[in-house]
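Quick caveat: nothing in here was measured; it's all calculated off a predicted structure.
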Amino acid sequence: MQDGADGLSRAVEALRQDFLARRPVRTASLIVTLFGDAIVPRGGTLSIRALIDLTGALGIEPGAVRTAMSRLVAGGLFERRDGGRRPRYCLSQEGARTFAAAFRRVYAGERQPDGRGFRLLVLPAAARKAADMATLEAAGFRPLAAGVLVAPGSAAPPPVPADAFLFDAVADPAMARRIATEALGMGATVAAYRRLADAQASLLQMVEAAPPSPTEAFVIRTLAVHAFRRAVIHDPALPEDLLPADRPDIAARRTMAGLYAALAAPSERHVEAVTDADGENLPPAAFDLARRFGIG
């Protein structure tokens with residue numbers, strides 16, 4: 001049992017160091033993951049002190065947390081509520097809408113069954129200068145040719161610049177697969193899900209062999225959800241019939257579900273201990289977290 005516990009401790013530290021080794025360290029993105037996964041189910045408001053203490057287990061320095069929250073507020077995703085010397089943060093109204101849509105993809109993972117339909121956005125020269133490419137990419141659009149972007153037919157209509165053209169198109173199965181592979185990144189998406197499934201399965205074996213401490217469970221849960229969220233964000237929501245028959249996205253989701261269910265209870269004890277010590281007294285989660293990815 002000691003070997004199993006030691007192996008799990010080493011795995012937790014490796015997860016933490018792997019995240020911190022990425023440059024730049026995406027502190028704001030990790031805070032978004034943590035907030036959506038652990039704080040929104042408990043009312044959605046948290047003091048900066050409690051947030052610093054929670055992220056401390058992940059290896060994030062207090063100064064980095066404060067800077068990231070300032071940027072998230074400036075960007076309109078979060079808002080600061082008057083808390084005197086203990087400012088509190090929650091999602092803005094616009095942030096809550098964006099957040100809900102993004103996290104439905106993370107936790108539910110619904111896809112359209114038919115992949116023949118696509119959305120094409122044609123950007124003449126004048127429209128290219130006005131186009132917000134980051135927003136279009138977040139909506140699932142990828143370059144197909146010069147001045148032409150393509151997205152799955154299920155993609156939400158993006159903000160269309162003046163002088164641009166947006167229309168729907170249908171391709172035959174062979175052409176649809178070419179578009180998915182060459183423009184929408186099906187190959188990279190599939191590979192990412194396969195790597196993720198392997199990594200999560202190894203973590204689940206360790207967790208089942210040696211139950212983690214509450215702090216270890218919180219670190220694994222947060223960083224595992226963050227890795228899964230990153231994969232989903234970069235997944236252009238390819239329809240089911242364009243994916244391989246073995247459905248690596250479903251395999252990754254199943255392993256994530258098993259890992260999350262095993263970690264939910266002990267990791268929540270860590271959240272409660274930290275936030276109670278900071279005087280937060282958060283309400284319990286509004287639903288059974290162990291069933292969040294579909295199994296319990």
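With sequence neighbours excluded, no residue forms a side-chain hydrogen bond (donor to acceptor under 3.5 Å, both in side chains) with E79. By the side-chain hydrogen bond (donor to acceptor under 3.5 Å, both in side chains) test, Q93 is found to be paired with no residue, residues two or more places apart in sequence or in another chain being considered. Here D18 pairs with R22 under the side-chain hydrogen bond (donor to acceptor under 3.5 Å, both in side chains) rule; sequence neighbours left out.
F19 has its side chain out of reach of V219: every pair of non-hydrogen atoms, C-beta onward, lies at least 4.5 Å apart. Between P41 and E268 there is no side-chain heavy-atom pair separated by less than 4.5 Å. Residues L77 and L91 meet the side-chain proximity criterion, which asks for heavy atoms closer than 4.5 Å. Put simply, the side chain of P159 does not reach to within 4.5 Å of the side chain of D132, judged on heavy atoms. With contacts defined as side-chain heavy-atom distances shorter than 4.5 Å, the pair H226/L15 does not qualify. Residues D235 and R105 form a side-chain contact, since some pair of their non-hydrogen atoms from C-beta on lies under 4.5 Å apart. Within the 4.5 Å cutoff, the side chain of I220 has no heavy atoms near those of the M206 side chain. The closest side-chain heavy-atom distance from F293 to T255 is not below 4.5 Å.
Here S29 contributes atom OG and R229 contributes atom CZ; the two are 4.0 Å apart, rounded to the nearest 0.5 Å. Expressed to the nearest 0.5 Å, how far CG of L20 lies from CG of L223 amounts to 8.5 Å. The CZ atom of R26 sits 13.0 Å away from atom CD1 of I60, with the distance rounded to the nearest 0.5 Å. With rounding to the nearest 0.5 angstrom, the OG1 atom of T222 is 11.0 Å from the CZ atom of R16. Atoms CD1 and CG, from I31 and L58 in turn, are 10.0 Å apart once rounded to the nearest 0.5 Å. Summarising the geometry, atom CG belonging to L51 is positioned 9.5 Å from atom CZ belonging to R66; distances are rounded to the nearest 0.5 Å.
With hydrophobic clusters built from ILVMFWY side chains whose heavy atoms lie under 4.5 angstrom apart, I233 does not share a cluster with F141. Transitive grouping of hydrophobic side chains (ILVMFWY, heavy atoms separated by less than 4.5 Å) brings L120 and F165 into a common cluster. A chain of hydrophobic side-chain contacts below 4.5 Å, direct or via other Ile, Leu, Val, Met, Phe, Trp or Tyr residues, connects V12 to M256. Note on V25: it clusters hydrophobically with L30, by side-chain heavy-atom contacts below 4.5 Å among ILVMFWY residues. Under the 4.5 Å side-chain heavy-atom criterion for grouping Ile, Leu, Val, Met, Phe, Trp and Tyr, F118 is connected to V122 within one hydrophobic cluster.
Counted within 6.0 Å of CD on E13, heavy atoms from surrounding residues, nucleotides or ligands total more than 12; the atom is thus considered enclosed. Open room surrounds CZ on R71; 12 or fewer heavy atoms of other groups in view lie less than 6.0 Å from it.
Side chain of R142 to main chain of E137: a donor-acceptor pair is present (N/O by atom type, distance under 3.5 Å, no hydrogens or angles). With hydrogens and angles disregarded, no donor-acceptor distance shorter than 3.5 Å links the side chain of S47 to the backbone of R88. The main-chain N or O of Y89 is never found under 3.5 Å from a side-chain atom of R80 such that the two would form a donor-acceptor pair. Remark: side-chain polar atoms of E280 are not paired, donor with acceptor, to backbone N or O of L46 under 3.5 angstrom. Between the side chain of R292 and the backbone N or O of A264, no donor-acceptor pair lies under 3.5 Å. Between the side chain of R221 and the backbone N or O of L259 there is no donor-acceptor pair closer than 3.5 Å.
Minimum heavy-atom separation, E216 to S9: OE2-OG, 2.9 Å. The nearest pair of heavy atoms linking A151 to L184 is CA-CD2, 4.3 Å. Residue L123 comes nearest to A131 through the heavy atom pair CD1-CB, 4.2 Å, listed as atom of the first residue, atom of the second, then distance. The heavy-atom pair separating Y193 from P248 by the smallest distance is CB-O, 3.6 Å. Here the closest non-hydrogen pair linking A290 and A261 is O-CB, 3.5 Å. Between T27 and A64, the closest heavy-atom pair is CG2-O, 3.8 Å.
Between F35 and F78, the ring centre distance stays below 6.0 Å.
Using a 4.0 Å cut-off between charged nitrogen and carboxylate oxygen, E272 and R269 do not count as a salt-bridge pair. Looking at D163 and K129, no side-chain N of the basic residue comes within less than 4.0 Å of a carboxylate O on the acidic one, giving no salt bridge. Note on R49 versus D53: salt bridge recorded, some NZ/NE/NH1/NH2 to OD/OE distance being below 4.0 Å.
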Could you please spell out the steps behind the side-chain contact (heavy atoms from CB on, under 4.5 Å) verdict for F218 and L34? CA-CA 10 Å; F218 172 77; L34 190 158; 3.7 Å; yes

